[in-house]
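A short worksheet on the structure shown next.
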Number of protein chains: 2
Amino acid sequence: MAAFNEHGYHGTTVRDIARRVGVTVPALYYHYENKQALLVTLLETSMSDVLGRCRAAVAEAGDDPVDRFSAIVECIVVYMANRRGLAFLDSEIRSLEPENRARYVELRDSLQYMLLDTVEAGIEQGSFTTPIPADASRAILTMCQGVANWYRSDGALTPSDVAERHVLLCLGTVGYLAPREPAKPASLRQARENAGARTRDSVG
Amino acid sequence: MAAFNEHGYHGTTVRDIARRVGVTVPALYYHYENKQALLVTLLETSMSDVLGRCRAAVAEAGDDPVDRFSAIVECIVVYMANRRGLAFLDSEIRSLEPENRARYVELRDSLQYMLLDTVEAGIEQGSFTTPIPADASRAILTMCQGVANWYRSDGALTPSDVAERHVLLCLGTVGYLAPREPAKPASLRQARENAGARTRDSVG
DNA sequence: GGGTCAAGAGTGAACGATCGCTAAGTGGAT
DNA sequence: ATCCACTTAGCGATCGTTCACTCTTGACCC
């Protein structure tokens, strides 16, 4: 993953991967069919992982669409910040053969639909106001995945900090306005109330 | 650009580039020092181009931070939708040698600061309410550049449509709330008023 | 329990192909 | 005569991949 992330798929040599793992090249070919299989395995397990975590987070979040939405965003951002190696996720799918690419896109779409479901639920109950939930969901997923591109663990913000900020940003993107009843995580509730407070100040 | 976009930097052969251009390989080397120079030229001219367009758009937009902000977002998205070949922009900078990479990052930062300036101006006049303008600016730039990754010209939306929607989304991201005096482009004014209308409905 | 054998996991060496790049030469315009 | 734009041919290096082989482990039969 580190190698693919540093040099890209074509820029990474099988010899380099073997060296990092600490085995010889034919040993890699004993476990994986070819170079592409290495990338496919990496992409699919990673995407499945983040998808699974988001499903779990959403299940824990309860019934409120706003909580569910926040949980997904938080989950994705924390994952991306903690595992920066996945920055290349979306930029290397062009190196996949069609059927491998299709399987990966399917996983990614699951995540986007999950997001879209909560956004639409939020709109239905009046919490979210965006007239274009599908575009908003795609944009949010893009900006959350983008975190992996710039986050550095030696910076000032922890992954949780970044996640909290992105929850705030994303709530704005879907047109969330009014502050709500206290949510479960204290940090999220605080961020949301901050947004709500400023909202009220500005609206007057 | 098409070749780099399809296969990535390392995945593109000099022979392929030469073939697409319609010349032989040494003819390329007569005009460019090496393969990297081809990528550098492409990245820098493209980034300078979008930066110049944004500067022009912001100059035309007048003094209102909201108008200026909207103009930048619209400009970037239209550019990305029209020239999809630039999708690889941010994913190929890792293939650059350090000094080339630094020059490109500098250009990109100019764009981000331009965005940040308008966001902060908007906050100062009370139009935008986000407490984290820097994070918002970065997130917005990420999601606007992301348009190049999925936009297809054979889809239902024109570049202008997509730009309009992203203006709406991005206004939400920076915490824009109240509808304002009519702006210049009718489509933008309409989108903004839609957002405002729904905002008022929801807040009650 | 000792001998046999098959499978698993890995190695060193090398294959053909293709890569980025260049030396040397050609034709035409100034 | 000289430079520009470009060509053909081919260089050495490196790529993904495979061949043939070794070593270890564990199951099996007598």
Side-chain angles (χ1 to χ4, degrees), chain A residues 1-48 85-105 107, chain B residues 1-48 85-105 107:
Chain A
M1 175 154 55
F4 282 140
N5 188 42
E6 286 168 26
H7 311 113
Y9 177 69
H10 291 290
T12 302
T13 68
V14 175
R15 287 167 176 82
D16 182 33
I17 297 175
R19 197 179 313 121
R20 299 197 195 211
V21 179
V23 298
T24 58
V25 172
L28 278 187
Y29 278 90
Y30 179 79
H31 292 283
Y32 296 88
E33 191 186 347
N34 50 29
K35 182 182 176 184
Q36 171 120 176
L38 287 164
L39 177 62
V40 167
T41 304
L42 222 42
L43 285 179
E44 290 198 351
T45 57
S46 300
M47 201 44 151
S48 298
L86 291 159
F88 70 96
L89 261 177
D90 252 43
S91 70
E92 290 304 338
I93 62 171
R94 64 181 162 200
S95 303
L96 295 178
E97 287 157 12
E99 72 270 26
N100 291 331
R101 181 185 165 112
R103 276 212 309 283
Y104 172 79
V105 168
L107 284 175
Chain B
M1 175 154 51
F4 282 139
N5 188 43
E6 284 169 27
H7 311 112
Y9 177 68
H10 291 290
T12 301
T13 70
V14 175
R15 287 168 175 82
D16 181 32
I17 297 176
R19 198 179 312 122
R20 299 197 195 210
V21 178
V23 298
T24 58
V25 172
L28 278 187
Y29 279 90
Y30 181 80
H31 293 283
Y32 295 89
E33 191 186 346
N34 51 28
K35 182 182 175 183
Q36 170 118 177
L38 287 164
L39 177 62
V40 167
T41 303
L42 221 42
L43 284 179
E44 292 197 351
T45 57
S46 300
M47 204 41 152
S48 298
L86 290 159
F88 70 98
L89 260 177
D90 252 44
S91 71
E92 289 304 339
I93 63 172
R94 65 183 160 197
S95 302
L96 295 178
E97 288 156 12
E99 71 269 25
N100 291 331
R101 183 186 163 112
R103 276 213 308 282
Y104 172 78
V105 168
L107 284 175

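Each chain gets a letter, A, B and so on, in the order the sequences are listed, and its residues count up from 1.
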Query raised in the report: For I17(A) and dT17(D), what is the distance between atoms CD1 and P respectively, to the nearest whole Å?
Result: 10 Å
Report task. Could you state the atom-to-atom distance from CG of L28(B) to P of dC19(C) in whole Å? Result -> 14 Å
Query raised in the report: For dC6(D), does either OP1 or OP2 sit under 4.0 Å from a side-chain N or O belonging to Y30(B)?
Result: no
Query raised in the report: Considering all heavy atoms of both residues, which atom of Y29(B) and which atom of N34(B) are nearest to each other, and what is their separation?
Result: CE2-CA, 3.8 Å
Query raised in the report: If every non-hydrogen atom of R20(B) is compared with every non-hydrogen atom of A2(B), which pair is closest and at what distance?
Result: NH1-CB, 3.6 Å
Report task. Give a yes or no on whether the backbone of T12(A) and the side-chain of E6(A) come within a donor-acceptor separation of less than 3.5 Å. Result -> no
Query - Contact summary for I93(A) and L43(A), nearest pair of heavy atoms - result: CG2-CD1, 4.5 Å
Atom pairs, N/O to N/O, protein against nucleotides 20-23 of chain C, distance under 3.5 Å?
unit_1: dG20(C); atom_1: OP1; unit_2: T12(B); atom_2: O; d: 3.0
unit_1: dG20(C); atom_1: OP1; unit_2: K35(B); atom_2: NZ; d: 2.8
unit_1: dG20(C); atom_1: OP2; unit_2: V14(B); atom_2: N; d: 3.0
unit_1: dG20(C); atom_1: N7; unit_2: R15(B); atom_2: NH1; d: 2.9
unit_1: dG20(C); atom_1: O6; unit_2: R15(B); atom_2: NH2; d: 2.9
unit_1: dC21(C); atom_1: OP2; unit_2: Y29(B); atom_2: OH; d: 2.6
unit_1: dC21(C); atom_1: OP2; unit_2: K35(B); atom_2: N; d: 2.9
unit_1: dC21(C); atom_1: O5'; unit_2: Y29(B); atom_2: OH; d: 3.2

**Report entry** Atom pair NE2/CG of H31(A) and L38(A) - distance to nearest 0.5 Å
**Finding:** 11.0 Å
Query raised in the report: What is the distance, rounded to the nearest whole Å, between atom CG of D16(B) and atom C1' of dT18(C)?
Result: 13 Å
Query raised in the report: Can a side chain N or O of H31(A) be found less than 4.0 Å away from OP1 or OP2 on dG10(C)?
Result: yes
Query raised in the report: Where do S95(A) and Y9(A) come nearest, in terms of heavy atoms and distance?
Result: CB-CD2, 3.4 Å
Report summary line: Between L107(A) and E44(A), the two heavy atoms sitting closest are CD1-O, 4.0 Å
Requested in this report: Could you pull out the closest heavy-atom pair between N5(B) and R94(A), with the gap in Å?
Outcome: O-NH1, 3.3 Å
Atom pairs under 3.5 Å: protein N/O with N/O of nucleotides 28-30 of chain C:
none

